[in-house]
Amino acid sequence: MNIIEIKNLKKDYPLGKTIVPALRGVDLEVAEGEFMSIIGPSGSGKTTLLNVIGCIDQATAGSVKIAGSEITALDDRAVTDIRLHKIGFIFQTFNLIPVLDVLENIEFPLLLMKRPAAEARKRAEKLAAEVGLSEYVRHRPAELSGGQRQRVAIARALVTGPDIVLADEPTANLDSVTGASILELMREMNEVEKTTFVFSTHDAAVLKYARRIVRIKDGLIEKEPVAA
Amino acid sequence: MELLIRLSLRNLLRQKRRNLLLGSAMAIGVAILVTAGSFSAGISDIMFNRIMRYVTGHVSVRFNERGGVMREIFRDGERARAALQGVPGVEKAEEGVGYFMRAIGNGKSDNIILVGANMSAELSDKERREIEESFRVVEGSWEGARDSKAENPIIISAEKARYLNVTLGDTVRVRFRDMFGQDQAARLTVAGVMRNDNIFMQPVVFLERERAKALLGYRPWETASFSLTLSDPKRGARAVADAIHARLKPGLASMEASVNGRKTALFGVKSDAASREALAARLKLSPAVLEAALRRDGALLDARTARALGVRQGEEFRASWARKFEPGLGETRLKAAAIFSGEGPGGVLVNDGKFYAAYYRDLPAAGAAPAPGWEALLAPEWTLLPRTYTTDDYKKKYQEIARSRGKGTTADVSTMYETASDILKLEGVLNLITLSAVLVLFFIILLGVVNTLRMTIRERTKEIGTVRAIGMRAEDVRNTFLLETFFLTLFSSAAGVALGFLAMSLISVPEFHPQDNPLGMLLVNGRVYFLTTFWNTAGSVLLIMGIALATAWFPARRAAAMSPAQALRHYD
């Protein structure tokens with residue numbers, strides 16, 4: 001079953017008086033439980049595609065279905081709820097909340113879902129342990145290394161049990177060893193939690209972790225499938 | 001909400017220096033507001049409860065006999081008190097006896113105002129404390145003024161004692177004209193010297209009220225004017241004055257009298273031109289004849305009454321009546337100046353001047369009703385002056401009274417807003433200064449909050465994008481910023497209130513005793529006076545919070561309205 005179905009997706013950005021097309025008619029289907037990579041050079045439209053899939057940016061035209069729901073016609077409140085309940089995000093620059101410690105960052109989406117504090121804390125502790133941060137739960141982001149921060153981000157993305165985890169260049173700010181460990185962790189989580197992972201990268205070295213690779217260039221899916 | 005509160009409080013601590021500076025500005029703002037508000041409330045308290053209360057009362061009920069401003073007397077005290085009884089909002093009705101006199105001290109003389117003070121044991125501890133606070137006796141004591149053995153013991157202001165060159169135990173001789181227009185002299189003994197920073201109180205000399213009344217010639221059943229203290233003078237004064245005014249509506253002044261052993265009625269004829277003209281027309285007499293008949297002791301009788309009383313034209317006769325407050329009969333001599341043939345009111349008609357002199361001297365035990373349709377031309381028990389609502393109208397009313405030379409007693413009900421508007425204007429000016437301070441603060445806070453929030457939002461744009469991407473709703477983003485402002489203002493306000501209280505206690509330390517300076521009346525016991533109330537303090541805090549939150553609303557809403565993708569793309 002497809003968790004993501006995209007048809008003829010277009011996204012334009014106005015730049016002064018000109019319109020810059022970022023996506024020019026993308027068709028893509030992602031099956032449930034996939035561990036898929038979107039590769040392409042800088043400016044190819046990877047981040048825009050992830051943003052539209054993740055409901056944080058709106059399509060200019062086309063259809064985007066997430067877990068069977070068409071998201072292009074929904075209002076802000078509805079897409080916010082989809083982001084909270086169905087999608088987890090991992091950012092290139094980690095994007096943790098600096099005033100919260102590791103556990104608080106991980107449990108943050110659960111509290112937004114109004115889950116009981118004790119339940120949220122228990123789930124956050126479990127995930128912190130799974131990503132190997134049990135000893136750092138009281139540390140604030142500024143007190144962690146880049147790899148540790150990205151682990152927190154992975155735990156935060158997974159804490160709500162989302163249908164899809166989207167990761168935008170998750171290893172771009174990490175050294176190769178740490179980056180590899182993060183991708184290992186993501187794959188492990190994909191296997192354990194059965195969560196669909198879609199991550200973008202322009203680093204050919206990380207492709208060996210992907211089970212499916214989609215290449216994007218100039219706003220179009222170039223060739224599919226690419227053998228992993 | 002708990003999450004948002006935790007997030008807001010943690011965010012506040014992120015920019016310690018910036019928030020400390022803004023918080024300090026707010027704290028100083030609250031301190032100024034609390035101090036200015038308490039100063040303003042203190043002035044209101046001084047004005048309404050310490051000055052107006054003693055100078056004119058919040059509402060004053062004045063009685064003036066024969067248009068004389070110094071003849072503040074009402075002959076039937078019981079009826080006056082009955083009109084004041086049970087009026088909602090009236091805390092206390094004090095009989096106010098005040099009289100200008102020429103005083104001679106030790107080789108010096110000056111004018112004084114002799115004021116009858118209630119020194120009875122019925123005063124509550126609070127009232128006694130207020131009096132002793134407002135009129136602080138520095139030599140002698142209030143007890144001394146209650147000494148029944150001393151000859152008219154008085155409490156005199158320090159300034160007046162200095163002018164008259166008198167001190168404790170000295171005698172002050174006074175000359176004055178009493179309620180009956182007779183020149184009198186008396187001796188007063190200095191039992192106390194008071195210090196009062198209110199310039200209006202400097203000519204005042206206090207004498208126990210009953211003694212003052214006796215000295216001025218009041219009889220036991222007569223009363224002077226009344227000063228009313230209200231529970232809520234600012235809001236209640238006009239309503240109370242209107243209610244008392246309605247109760248003071250006079251009836252017809254008439255006497256059930258006896259002439260030659262036969263019963264009749266005695267009426268006064270109004271002396272204004274319109275009434276006299278109407279009366280002449282009704283009696284079919286020429287105005288000249290009527291005027292001549294009503295001169296001095298002249299009386300008008302219809303033929304039937306004259307016959308019944310056995311009185312002939314030109315004959316002198318005596319009318320007598322039972323008195324209301326004293327045993328024996330009241331009496332007046334009259335002359336039957338004219339006997340007319342038509343229908344009259346059914347009694348003896350005399351001019352109102354003559355009538356009132358007899359009527360007020362010996363109030364009758366019983367009145368008499370005239371024949372229907374005559375009341376409008378006959379003298380009322382007293383003249384109730386119309387209510388006025390501005391100082392100008394009030395002044396005009398009294399100029400009119402002075403011009404009309406009324407023969408009866410006038411009754412007037414006024415509020416402090418008419419009688420002492422100049423003093424109250426001072427309160428208005430001081431409140432205006434407070435308002436200006438509030439406006440200045442408003443702009444300081446407005447600029448501070450808007451600027452700080454703009455910087456904060458700019459710095460945290462990416463973070464806003466992150467929390468929105470994670471699933472935080474737009475209104476929660478907005479509420480986070482509003483909560484930050486709320487907590488910053490709350491903590492600043494708490495510090496500001498403490499700072500305000502500290503400032504007030506420091507300002508109240510030094511003592512001032514200005515001489516002949518009207519600003520001295522703004523002091524209590526020589527110190528700047530602040531009246532802090534819960535609502536004043538809470539109001540100041542709520543005002544600052546309201547301004548801060550209203551100012552924060554727009555930047556917070558803008559932050560919430562940002563698209564997550566746009567916010568995530570933001571780079572400083």
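What you see below is based on every heavy atom in this structure, not just the backbone, and it leaves out hydrogens, waters and symmetry mates. Just so it is clear, the structure is predicted and the values come from calculations on it, not from any experiment.
- Nearest heavy atom pair, residue B/M472 against residue A/T80, reads O-CG2, 3.5 Å.
- Rounding to the nearest 0.5 Å places CG of A/D57 at 9.5 Å from CG of B/L568.
- The shortest side-chain heavy-atom distance between B/S563 and A/Q58 does not fall under the 4.5 Å cut-off.
- Within the 4.5 angstrom heavy-atom criterion, no atom of A/F94 approaches chain B.
- Remark: A/D81 engages B/R473 in a salt bridge, criterion side-chain N to carboxylate O under 4.0 Å.
- For B/F554, the CZ atom counts as loosely surrounded, since its 6.0 Å shell holds 12 or fewer non-hydrogen atoms of other residues, nucleotides or ligands.
- Side-chain contact check for B/L3 versus A/F108: some heavy-atom pair is nearer than 4.5 Å.
- With chain B as partner, the option from A/L96, A/L84, A/T47, A/I97 having the largest number of non-hydrogen pairs under 4.5 angstrom is A/L84.
- Residues of residues 8-18 of chain B that come closer than 4.5 Å to chain A, counting heavy atoms only, are B/R10, B/N11, B/R14, ordered by residue number.
- For A/E107, the part lying near chain B is the side chain, with the backbone staying farther off; criterion is any non-hydrogen pair under 4.5 Å.
- Residue A/F35 qualifies as enclosed at atom CZ: its count of foreign heavy atoms under 6.0 Å is above 12.
- Of all heavy-atom pairs between A/P109 and B/I470, the closest is CG-CG2, 3.6 Å.
- Between chain B and the options A/N51, A/L100, A/V79, A/I87, the largest number of non-hydrogen pairs under 4.5 Å is found for A/L100.
- Residues A/I56 and B/R468 are not in side-chain contact: their nearest non-hydrogen atoms beyond the backbone lie 4.5 Å or more apart.
- Around CD of B/E2, the count of heavy atoms belonging to other residues, nucleotides or ligands within 6.0 Å does not exceed 12.
- Summarising the geometry of B/A469 relative to A/F91, their closest heavy-atom pair is CB-CZ, 3.8 Å, with the distance given to 0.1 Å.
- For residues 474-485 of chain B, heavy-atom neighbours of chain A at less than 4.5 Å comprise B/A474, B/E475, sorted by residue number.
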